[in-house]
Amino acid sequence: MYDTSKTADGATEQMATKFHCADVQVFYGATHAIKDVNVDIQDKTVTAFIGPSGCGKSTFLRCLNRMNDTIDVARVEGTILLDGEDVYDARVDPVQLRAKVGMVFQKPNPFPKSIYENVAYGPKIHGMARTKGDLDELVERALRRAALWDEVKDRLDATGTGLSGGQQQRLCIARAVATEPEVLLMDEPASALDPIATSQIEELIDELRQNYAVVIVTHSMQQAARVSQKTAFFHLGNLVEYDDTSKIFTNPEDPRTESYITGRIG
Amino acid sequence: MSLTLFAVVLLIALASHFMAQRKALAIAGGRAGVLHSRPVFHGLYSLLWVALAGIGALLVSATLGDWLIDRVLMGRIEAARPSMAPLERQLLLSDAKALAEGRMSSRGGVLRDQIAAAYDWMSATRNWVVIALSVGGAAVAARITYGRVSAGWRARNRAERIMLNILLAMATIAILTTVGIVLSLIFETVRFFGMIDWRIDKFILGATWSPLSGVFEGQMDPDKVGALPLFAGTLLITAIAMLVAVPIGLFSAIYLSDFAPKRVRAVAKPLLEILAGVPTVVYGFFAAITLAPALRDFGEMIGVRISSESALAAGLTMGIMIIPFISSLSDDVINAVPQSLRDGSLGVGATEAETMRLVVLPAALPGIVSAAILGVSKAIGETMIVVMAAGQGANLTANPLEATTTVTVQIVALITGDTDAETAAGPAFTLGFTLFVMTLVMNILAQRLVRRFREAYE
Amino acid sequence: MTDTAAQPAASAHGSLAAGSSRLRQRRRAQSRLKAYGIAAIAFALLALATLVGSVVTKATGAFTNTHFTYEVTLSSEALGVTPDSPEEEIRRAPFGDLIDETLEARFPLASGRTERRALDALVSGGAQFDLAKHVVANPELIGQTVSYPLIAADLTDYYFQGGYGELETREVAGRLSVREGADGALVIDSTAEDFGEVLQVVKQSLYGDADRLREQAARQQNAVRVYGERAAAAEAEEARAAQLERQAAAEEKRDALLAEAEALEARAETAGGTEPLDDENISLLIEAGGGWIRMTEVSRSGGLGEALTEVDLPIEGTGDWRFHTTELSEARRAVSDHQIAWLETLAAEGAVERGFNTRFFTAADSRAPELAGIRGALVGSFWTMMVTFALAFPIGVLSAIYLEEFAPKNRFTNFIEVNINNLAAVPSIVYGLLGLAVFLNVFGVPRSAPLAGGLVLTLMTLPTIIIAARAAIKAVPPSIREAALGVGASKMQASFHHVLPLAMPGILTGTIIGMAAALGETAPLIMIGMVAFIVETPGSITDSATVLPVQIFRWYDFPEPGFEARAAAAICVLLTFLVAMNALAIFLRKRFERRW
């Protein structure tokens, strides 16, 4: 029913835990948006968060690099450890955290600057390059990782907003990987793109897995099945089931998961 | 008189509305579908025509009548006193009118009495003619529209077409205003340039401003109409104002839009808006009575002489006035920069300050520049603060501690001065025209910039 | 993917908690930016507070005023009228003289012309009209003695507000004796050294005098040098002699000045002795024997003086006396020592009353600050606003309806839009010029009239109203229009019956804000002559009038301190109106705001 062959071998191989989340609760004002989520996210693995819209998967994703901090009324409880360190510790600067946990958003959001400046932005603010040569190298490497280098190497000074939608999203991925993060969070990265651009992004995600832990939120089950090795199913703020992707899609344990993947809720 | 007449015309219109409506009702006789338009539209159609005809006749005949009376009386005065200057004749005529209306006149005299008597019966005649025409016009319109009421008469479409034309006419007033401004300014400007032999270069670059001292036989001394000191003074005060307003306004906007806790924003923003609502005469009072003496005392304390009418006091106050203007416009554009850009920046680990400095502000720059331009335009057109705090003397100086003058101050001085209004109008309106052109250019520029910004993000 | 060689460093960014120095630096930059923002807002709010604070402080003087309540006998002889005289005759009776004479009778020492005038100046010139009005209304009062409140002059009012400095009462220990000396001067003696402290103050001022003399001496020294040089340079013997002569004269002057300065300093240094007083010194006033004495010479325990008001002489060793000093010297204040003595005497008798200044709200403009009020300007503003509202509101709303609901998208309507946006930013003074050229000179609208002002303000306010009205109309969702059109309403009916009522709160909010701006507008009204001095309260839109902001501008221009206070008070009234209008606008927005 679903093509899981591509992901099967990756899933079986046990990787080191990157994120350890225990009893995570998120409140938006009075709303209890995320309830008791326990999940371990593994390194060099693509983990997909799926579930009907409004189920809290994006909210949970944004907890991992504290993007929820930018929302005044959001409050997070519970434990989220990155390599054993508490992400929500008072001594942790979210700026430092986000450099390690990069993020790609639903809608491509390149800055209204040149392609080069877009990619160089992170390295510059983190002081990662001493010389112009270093920076050039970083930019090229990031663009190559995002599979965009060949398309834009002749026009690095062109503005980033002038690219096509798929290229813009790959530019945003390049921007995220340029800071050399350890984890990449992707919030429905292909939902605003056409099918061809989507498949390019999906291929890219699969390759990124070699270097990063990738967490992707998607509302498309096919996409989850195609790119991920692990899948977490969210429903009404609860993490219903978390397992190897092949298992979730072929032999789910929870009846709600089954209903969802067979299209009865969503 | 005309107010009463106005009311009478409106009464006739209401009456005709009622009559037409009743006739239509009678035709319908309680059955639906007989009439093309509902009775109320027959009434409305009648009312609109009657009001338009009556008020139109009133305005046209009254204006025409006044003009005609003035022409005839001026002709008589001219015939009686051929050697009199036109201005004197004007004065004589207004004296005669005052006499006729039982008010005080500046002087008496036989001719004045004669003209007054003539004016008396002429204006009485005029009044009767106006009454006859407006009431008559209204009555005729009422008669015609009443006659038109019938089952097939498309009163609604007709009435609505009239309404539409009225709406259009109202919207055109904006254009008429612009035309009025441009025409009235250009007329006097051209006359003024004629008086200085079209030495526009002397007007723009000359350093001596004393236009009324060189008036001779309808000519002005081109060497005494140099407006450069006024432009320089305006520029100096504007520069001081912008040095205060732009940084403070911009930093306020940055803080309020992205950094302030909600409660601070909820309190500080309306408070800033109060600053924008304070009338300029109050700012002028503050500058002249509080700030200028304080600055002078402060100067004395540190051993600097600060004139009590300094460009500094006026500029600082003007800056305070413009702060809320800059801050609210900047706040708008900063808020209009999409959140996704901020997310993108924060997502790679930038601090909020870096996000603001490196992403949001560059994106909002056109809007902020446009706000600053509008601020400059407001500053150079500002009148009361400089009239009250900047001084009158046209001395060319770049020293903000001295008294200086501005374009607007000189316009006020010329128009409210003791000199003969016709002579003073030339330079005053020319300065006004200069001001209008400068602000217009800036406004158009600012609108272009802000449109470019909006197109990028909306 | 071509680039797999470069693995990301295991931890390019180090541990989460370990803040690097670079990160601390970046955080500091963030705090700096925040601090700038807070400082900017603090500055703006401080400016607002200073503005309001300074205006309110200055206004307090105008919200109270002073009345005299001394008794005036309305004798028939003095007034030349009887209770049965015709009203007009009573009105014209010499009440002013009566008021002045009563005061002069109370202070018979004020005998000279100048002194009498100074005494009469305590009462406002307007008091006689108030009294006349009162008597006209109550003719039976003629022949009686009344204590009708007589409005005090600005000088009196300002004195009691402390505008000329406070009168300081010093402690005294001794018993005072005063007797008339040989030359008519009063000889003052205290058994204690009650004047020692003041004597020191007076002596201190001698140093200042000495410094001035030394400055003059330095100028003479300069002259000595110049004449010397000229003499050396002179070729003719005669010229040289002349220069030397001048040099000698300058030397002499210099020496005299220096000697004088030294003498002054010596006097200042020696304790005790007597010092003469003049109007450059602070005034030393003694209250004893039922009157006031000004000292003309002071020693530690006494001196000479002159009576300002009647004093019972001689005074023999009384303990019942008071000693006052002024903050400013007589030369530096408008109120004289005599006037202080008179005013303090009247105040002590309870004939001075200070209270809320109702006249400020009921009177029109006047040349005398104590008589001036804002009623005329308020009524003028009212009429002007009426004209503005009556024209700007319908025109603005109808224009907005046309532009939003009916206008085809073509170059003409586009041009109208651009026009409106530009008109909103045209300087107000240009509207004044337009009004002058078009309304006054072409259409013959009466100068200074609310009609002219209202027309100009209409044109100024229109863009604001149109823009606000368009926004409000635009905010009404198309579904409302579609619903109306769907049941067979015409476009005109849909607009007027459905869209307009729903948009009305927004339109009204915009209109009120526009009207508030118009109410505070000054410059264009000055252009059309509303700056004239108008004592009458205008009765219609064609009468000459002034408006509140212009009144403020006029009062600010007068030198009397009383007018400054009145300008500030008028600002308070204006700001109150503006705050009320804006509050109404906010209320309307909050109450009727709809989220679609």
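These numbers come from a predicted model, not from an experiment. We name chains A, B, ... by the order of the sequence lines, and we start the count at 1 in each one. All heavy atoms count here, side chains included; hydrogens, waters and symmetry mates do not.
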Check: In terms of heavy-atom pairs under 4.5 Å, which option from C:V52, C:L434, C:L436 contacts chain B the most?
Finding: C:L434

Notebook entry, point to check: Are the side chains of B:I411 and C:L433 in touch, meaning some heavy atoms are under 4.5 Å apart?
Noted result: yes

Next item on the list: Could you tell me which of C:N422, C:L459, C:I401 has the largest number of non-hydrogen atom pairs under 4.5 Å with chain B?
Entry: C:N422

Item checked: Option that, when pairs with chain C are counted at under 4.5 Å, heavy atom only, ranks first among B:K378, B:R357, B:M356, B:M384 -> B:M384

Notebook entry, point to check: Looking at B:L440, B:T416, B:I181, which one has more heavy-atom pairs under 4.5 Å with chain C than the rest?
Noted result: B:I181

Notebook entry, point to check: NZ/C:K58 to CD1/B:I289 distance, rounded to the nearest 0.5 angstrom?
Noted result: 7.0 Å

Checklist line | Residue among C:P463, C:G432, C:S31, C:G520 with most heavy-atom pairs under 4.5 Å to chain B | finding: C:G520

Check: Does CZ belonging to C:F577 count more than 12 external heavy atoms closer than 6.0 Å?
Finding: no

Notebook entry, point to check: Do other residues, nucleotides or ligands put more than 12 heavy atoms under 6.0 Å from the OH atom of C:Y36?
Noted result: no

Next item on the list: Can you tell which part of C:L48 gets under 4.5 Å to a heavy atom of chain B, answering side chain, backbone, both or neither?
Entry: both

Item checked: Donor-acceptor pair, side chain of C:Y556 and main chain of B:M388, under 3.5 angstrom -> yes

Note to self: For B:F41 versus C:Q493, what's the shortest heavy-atom pair and its separation?
What the structure shows: CZ-NE2, 3.0 Å

Margin query: As an exercise: rank B:I254, B:I248, B:T439 by heavy-atom pairs under 4.5 Å with chain C and give me the winner.
Written below: B:I248

Margin query: Is B:R38 close to chain C through its backbone or its side chain, or both, or neither, when contacts mean heavy atoms under 4.5 Å?
Written below: side chain

Next item on the list: Find the one option among B:A428, B:G249, B:A353 whose heavy-atom pairs under 4.5 Å with chain C are most numerous.
Entry: B:A353

Margin query: If you count heavy-atom pairs within less than 4.5 Å of chain C, which of B:D66, B:V282, B:I323 leads?
Written below: B:V282

Next item on the list: Identify which part of C:N582 has an atom lying under 4.5 Å from any heavy atom of chain B, answering side chain, backbone, both or neither.
Entry: neither

Note to self: I need the minimum non-hydrogen distance between B:S184 and C:V438, along with the two atoms involved.
What the structure shows: CB-CG2, 4.3 Å

Check: When heavy-atom pairs shorter than 4.5 Å are enumerated against chain B, which of C:I429, C:V531, C:V430 gives the highest number?
Finding: C:I429

Check: Which pair of heavy atoms, one from C:R26 and one from B:T351, lies closest together, and at what distance?
Finding: NH2-N, 3.9 Å

Next item on the list: Might you point out which heavy atoms bring C:G37 and B:Y255 nearest each other, and give the distance in Å?
Entry: CA-CB, 3.6 Å

Notebook entry, point to check: Is chain B contacted by the side chain of C:I395, its backbone, both, or neither, given a heavy-atom distance below 4.5 Å?
Noted result: both

Checklist line | chain C contact via B:E188 - side chain, backbone, both or neither, heavy atoms under 4.5 Å | finding: neither

Notebook entry, point to check: Got a second to check how far B:T172's OG1 is from C:F415's CZ, nearest 0.5 Å?
Noted result: 11.0 Å

Next item on the list: Rounded to the nearest 0.5 Å, what's the gap from CG on B:L164 to CG on C:L398? Could you check?
Entry: 11.5 Å

Item checked: B:R448 atom CZ: more than 12 heavy-atom contacts under 6.0 Å -> no

Next item on the list: Answer with side chain, backbone, both or neither: which region of C:A516 has an atom nearer than 4.5 Å to a non-hydrogen atom of chain B?
Entry: neither

Item checked: Spacing of B:F286 atom CZ and C:L51 atom CG [to the nearest 0.5 Å] -> 5.5 Å

Note to self: What verdict does the side-chain contact (heavy atoms from CB on, under 4.5 Å) test give for C:Y431 and B:T177, after you've listed the backbone C-alpha separation in whole Å, the side-chain angles of each residue and the deciding distance to 0.1 Å?
What the structure shows: CA-CA 9 Å; C:Y431 280 100; B:T177 308; 4.1 Å; yes

Item checked: Selection from C:A44, C:G529, C:A47 maximising heavy-atom pairs under 4.5 Å formed with chain B -> C:A44

Margin query: Can you tell me which of B:N443, B:I175, B:T383 forms the most heavy-atom pairs within a distance under 4.5 Å of chain C?
Written below: B:I175

Notebook entry, point to check: Non-hydrogen atoms of chain B under 4.5 Å away: do they reach the side chain of C:I526, the backbone, both or neither?
Noted result: both

Notebook entry, point to check: Between the side chain of B:E352 and the main-chain N/O of C:Q30, is any donor-acceptor distance below 3.5 Å?
Noted result: no

Notebook entry, point to check: In Å, rounded to the nearest 0.5 Å, how long is the span from CD1 of C:I41 to CZ of B:F251?
Noted result: 12.0 Å

Check: When rounded to the nearest 0.5 angstrom, what distance separates CG in C:L45 from CG in B:L272?
Finding: 5.5 Å

Next item on the list: For residues B:M170 and C:S399, report the shortest heavy-atom separation together with the two atoms involved.
Entry: O-OG, 3.1 Å

Next item on the list: Please flag which part of C:A425 lies under 4.5 Å from any non-hydrogen atom of chain B: side chain, backbone, both or neither.
Entry: both

Next item on the list: Examine whether an atom of C:A568 lies under 4.5 Å from a heavy atom of chain B, and if so say whether it belongs to the side chain, the backbone or both; otherwise answer neither.
Entry: both

Check: Do the side chains of B:V244 and C:F43 get nearer than 4.5 Å, heavy atoms only?
Finding: yes

Note to self: If you define the side chain from C-beta out and look only at heavy atoms, does anything of B:V281 sit under 4.5 Å from C:E521?
What the structure shows: no

Checklist line | Top of C:I420, C:L423, C:L403, C:T50 for chain B proximity - count of heavy-atom pairs under 4.5 angstrom | finding: C:L423

Notebook entry, point to check: Looking only at heavy atoms, which two atoms of B:P279 and C:L574 are closest? And how far apart?
Noted result: CG-CD2, 3.7 Å

